[in-house]
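Worksheet: one structure, shown below.
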2 protein chains.
Amino acid sequence: MSTPTRTEPIPRTGTRAGEIRDQLHDAIVDRRLTPGTKLVEDEIGATFSASRTVVRAALQALAFDGIVTLEPNRGASVSKPSPEVARQVFDARRMIEPGLALAAAARITAADVAMLEQHLATEAEAIAARGPSARRAEIHASGELHLSIAAIAGNEILSRFLRELVARSSLVIALYGRSGASSCARDEHGRIVAALASGNGRAAAELMRHHIDHIEADLDYQPAGEASIRDLLKL
Amino acid sequence: MSTPTRTEPIPRTGTRAGEIRDQLHDAIVDRRLTPGTKLVEDEIGATFSASRTVVRAALQALAFDGIVTLEPNRGASVSKPSPEVARQVFDARRMIEPGLALAAAARITAADVAMLEQHLATEAEAIAARGPSARRAEIHASGELHLSIAAIAGNEILSRFLRELVARSSLVIALYGRSGASSCARDEHGRIVAALASGNGRAAAELMRHHIDHIEADLDYQPAGEASIRDLLKL
DNA sequence: AGACCTGGTTTTGTATACAATTATGCGCTG
DNA sequence: CAGCGCATAATTGTATACAAAACCAGGTCT
């Protein structure tokens with residue numbers, strides 16, 4: 001390999017696949033890698049100076065999360081959730097997140113409130129800024145807020161579920177979103193945080209439910225790609 | 001779709017690793033492999049005549065489901081969920097399953113009802129019979145009923161979440177259960193199915209919530225193993 | 001022209017080899 | 001006889017080799 005000497009800063013074993021998985025995860029969630037992109041094992045391995053063995057482990061992990069699709073003998077690619085799956089993602093979020101908000105309201109501390117408001121500030125900053133990098137930061141901050149609320153609720157299993165749902169949501173929005181209701185969403189985020197801060201769990205849960213409705217309402221479940229051709233011919 | 005029972009489980013990599021994963025999954029869920037059991041790659045490979053490569057993929061998949069724990073450089077073992085994790089499992093089920101029952105009631109067909117009643121019959125049969133094999137069948141049937149209700153609700157993502165939660169529940173019950181409230185549970189299963197069959201979603205959801213409460217009430221969250229020694233010394 | 005074979009190329013699936021790490025057993029010492 | 005090192009065995013982490021499958025391009029036949 002390219003490392004004849006043992007000067008590696010972090011030679012931690014077992015962390016290599018996790019590193020690659022996280023990098024790919026971030027790249028997919030903030031849309032540097034868009035749905036449908038082929039993920040060739042050799043390329044990724046070359047990029048991260050790792051063997052296919054560890055790359056495969058990383059891809060498998062992402063496949064479990066549903067954001068990468070593995071087709072036998074055909075390799076991995078960034079998932080393209082169907083409209084049906086997209087609906088299921090938001091149904092699942094509607095089922096989980098209001099309850100999570102309710103639980104969070106019962107356990108939230110002053111430090112938690114400060115952290116959430118920090119997230120809001122970061123998000124506002126990203127929204128105000130221009131450029132694709134700011135868009136990525138916005139997506140990241142928005143997801144982070146939802147995940148932070150889940151973390152406050154204190155259930156790691158549900159947090160993990162939500163992590164998957166948030167990641168899949170990003171793919172769904174990339175495919176079916178019609179731009180710009182983000183500012184609306186940010187305002188809703190503020191209200192949710194306010195409700196949580198005042199300990200009003202019921203209100204937070206209700207706001208969260210509406211928030212998810214609004215996000216989904218901004219989508220246009222027209223199948224992308226080949227189906228759009230078919231639809232165009234019909235019109 | 002008003003799908004039958006067919007819920008495709010989890011993304012499959014090859015077919016080989018999936019086979020091993022499913023076999024191990026079943027073995028863990030119906031307690032032929034108990035919490036803490038070491039899972040050595042070579043042994044499993046020899047058992048299934050497969051190389052360590054595929055075995056590792058299978059173990060990784062099970063680790064992602066939370067029923068196998070992977071410690072770096074130390075290998076895999078059947079998970080021993082802590083009382084804390086156990087509580088989180090049931091909290092998560094309380095958050096998901098009543099809503100799933102509600103959704104199922106709105107979509108259930110006559111064929112679905114017949115299938116659920118078939119499950120009830122199988123379960124009753126297993127309960128009546130003696131021996132460890134019957135116990136395994138009982139556990140299996142009980143889990144299958146919950147998963148079938150999820151399948152009727154028609155959300156594959158939530159079905160997968162519940163699949164994980166049911167599997168983890170089996171580990172939790174193996175560790176902290178104090179035997180025999182199963183018959184009680186079966187009765188509750190019958191009532192839930194009846195509510196679903198009559199289209200009474202609210203009732204089904206409420207019954208489901210209580211059912212989960214009852215399952216958890218039968219647990220004794222005393223840490224097994226070393227902690228019990230400590231407790232014994234204190235008494 | 002279009003469908004269809006066909007060879008070479010790419011990419012994945014699986015096994016295996018070797019290095020790194022952890023577990024184990026045994027003799028030694030006090 | 002308990003405790004401690006140290007050599008050795010087991011086991012995991014990672015890279016690589018090779019076979020099978022899919023992909024691609026060009027040429028042939030109808």
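Residue numbers start from 1 in every chain, and the chains themselves are labelled A, B, ... in the order their sequence lines are given, proteins ahead of strands. Scope of the values below: all heavy atoms of this structure, side chains included, with no hydrogens, waters or symmetry mates.
Picking from D:dT11, C:dT12, C:dT14 the nucleotide with the shortest atom distance to the side chain of A:Glu41 gives C:dT12.
If you measure from atom CG of A:Asn73 to atom C1' of D:dA20, you get 8 Å, rounded to the nearest angstrom. Here D:dA17 presents its C1' atom at 10 Å from CZ of A:Arg52, a figure rounded to the nearest Å. Rounded to whole angstrom, the span from the CG atom of A:Leu70 across to the P atom of C:dT14 amounts to 12 Å. Across the protein-nucleic acid pair, A:Gln60 atom CD and C:dT14 atom C1' stand 13 Å apart, rounded to whole Å. Between B:Phe48 atom CZ and C:dT14 atom P there is a gap of 15 Å when expressed in whole angstrom units. The separation between A:Asp42 atom CG and C:dG13 atom P is 12 Å, rounded to whole Å. Here the P atom of nucleotide D:dT11 and the NZ atom of B:Lys38 are 7 Å apart, to the nearest Å. Taking atom CZ of residue A:Arg16 and atom C1' of nucleotide D:dG13, one finds them 10 Å apart after rounding to whole Å.
Residues B:Arg32 and B:Asp26 are not paired through a salt bridge, judged by the lack of any N-O separation under 4.0 Å between the basic side chain and the carboxylate.
Mapping B:Thr53 and B:Glu43 onto DNA chain D by nearest heavy atom places B:Glu43 closer to the 5' end of the strand.
Pairs passing the ring pair (Phe, Tyr, Trp, His ring centres under 6.0 Å) check and including a residue from residues 23-65 of chain B, sequence neighbours excluded, read A:Phe64-B:Phe64.
Contact check for B:Glu19 versus B:Arg16: no side-chain heavy atoms found under the 4.5 Å cut-off.
B:Ser51 has a side-chain polar atom (N or O) that falls below the 4.0 Å cut-off from OP1 or OP2 of C:dA15. Between D:dG13 and B:Arg56, a contact under 4.0 Å exists linking OP1 or OP2 to a side-chain N or O.
Side-chain contact annotation: A:Tyr176 with A:Glu216, donor-acceptor N/O pair under 3.5 Å absent.
Side-chain to base pairing of A:Arg74 with C:dG13: no donor and acceptor N or O lie closer than 3.5 Å to each other.
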